[in-house]
Amino acid sequence: MIAHGEQKQKGDIDAHLAFCVMLYYREYEKAVLVTSDGDFDIVVKYLNKKNKLAAVFSPNRDKCSSLLKIAAGGKMQYLQDVGGKILKI
């Protein structure tokens with residue numbers, strides 16, 4: 001994966017994304033995450049605590065982490081359920 005002209009490991013990108021989401025939470029109204037990765041459960045919990053989480057969309061219901069589902073609660077949605085309602089830009 002390439003980020004800012006540098007090659008990064010996938011884990012580095014996940015950690016960097018989590019760090020930025022948490023560091024800059026004052027600069028956005030709400031966050032929408034698209035992931036099935038349970039590693040983001042702590043980010044989801046943090047955003048919920050700060051009242052910044054709008055929704056978490058998982059690309060695949062069957063492969064979505066149970067940790068993520070629990071953390072997101074009622075804000076968890078699945079792309080196969082809403083995909084037709086999302087406009088492509």
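In what follows, residues are counted from 1 in the order of the sequence shown.
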Quick one: [atom1] on [X] to [atom2] on [Y], what's the gap to the nearest 0.5 Å?
X: Met76; Y: Ile70; atom1: CE; atom2: CD1; result: 11.5 Å
X: Ile42; Y: Leu47; atom1: CD1; atom2: CG; result: 10.5 Å
X: Asp39; Y: Asp14; atom1: CG; atom2: CG; result: 6.5 Å

key: side chain to side chain donor-acceptor pair (under 3.5 Å) partners of Lys45, counting only residues at least two apart   = none
N/O donor-acceptor pairs under 3.5 Å from side chains in residues 18-33, not counting sequence neighbours:
{"from": "Tyr28", "atom 1": "OH", "to": "Val21", "atom 2": "O", "distance (Å)": "2.6"}
{"from": "Lys30", "atom 1": "NZ", "to": "Asn51", "atom 2": "O", "distance (Å)": "2.9"}
{"from": "Lys30", "atom 1": "NZ", "to": "Asn51", "atom 2": "OD1", "distance (Å)": "3.4"}

message = Holding to salt bridge (charged side-chain N to carboxylate O under 4.0 Å, His left out), I want the full list of residues that pass it with Lys50, two or more places apart in sequence or in another chain.
response = none
ask   = Mind checking whether Leu53 and Val43 have side chains closer than 4.5 Å, heavy atoms only?
value = no
request  = Taking the side chain as every heavy atom from C-beta outward, state whether Leu68 and Asp37 have any pair of such atoms under 4.5 Å apart.
outcome  = no
Donor-acceptor pairs are to be reported for all side-chain atoms of residues 54-61 against protein atoms at under 3.5 Å, with residues two or more places apart or in another chain.
{"from": "Ser58", "atom 1": "OG", "to": "Ser36", "atom 2": "OG", "distance (Å)": "2.5"}
{"from": "Ser58", "atom 1": "OG", "to": "Asn60", "atom 2": "N", "distance (Å)": "3.2"}
{"from": "Ser58", "atom 1": "OG", "to": "Asn60", "atom 2": "O", "distance (Å)": "3.1"}
{"from": "Asn60", "atom 1": "OD1", "to": "Asp62", "atom 2": "N", "distance (Å)": "2.9"}
{"from": "Asn60", "atom 1": "OD1", "to": "Lys63", "atom 2": "N", "distance (Å)": "3.3"}
{"from": "Arg61", "atom 1": "NH2", "to": "Asp81", "atom 2": "OD1", "distance (Å)": "3.1"}
{"from": "Arg61", "atom 1": "NH2", "to": "Asp81", "atom 2": "OD2", "distance (Å)": "2.2"}

ask   = Partners of Leu67 by side chain to side chain contact (heavy atoms under 4.5 Å, CB included), sequence neighbours excluded?
value = Asp41, Ser65
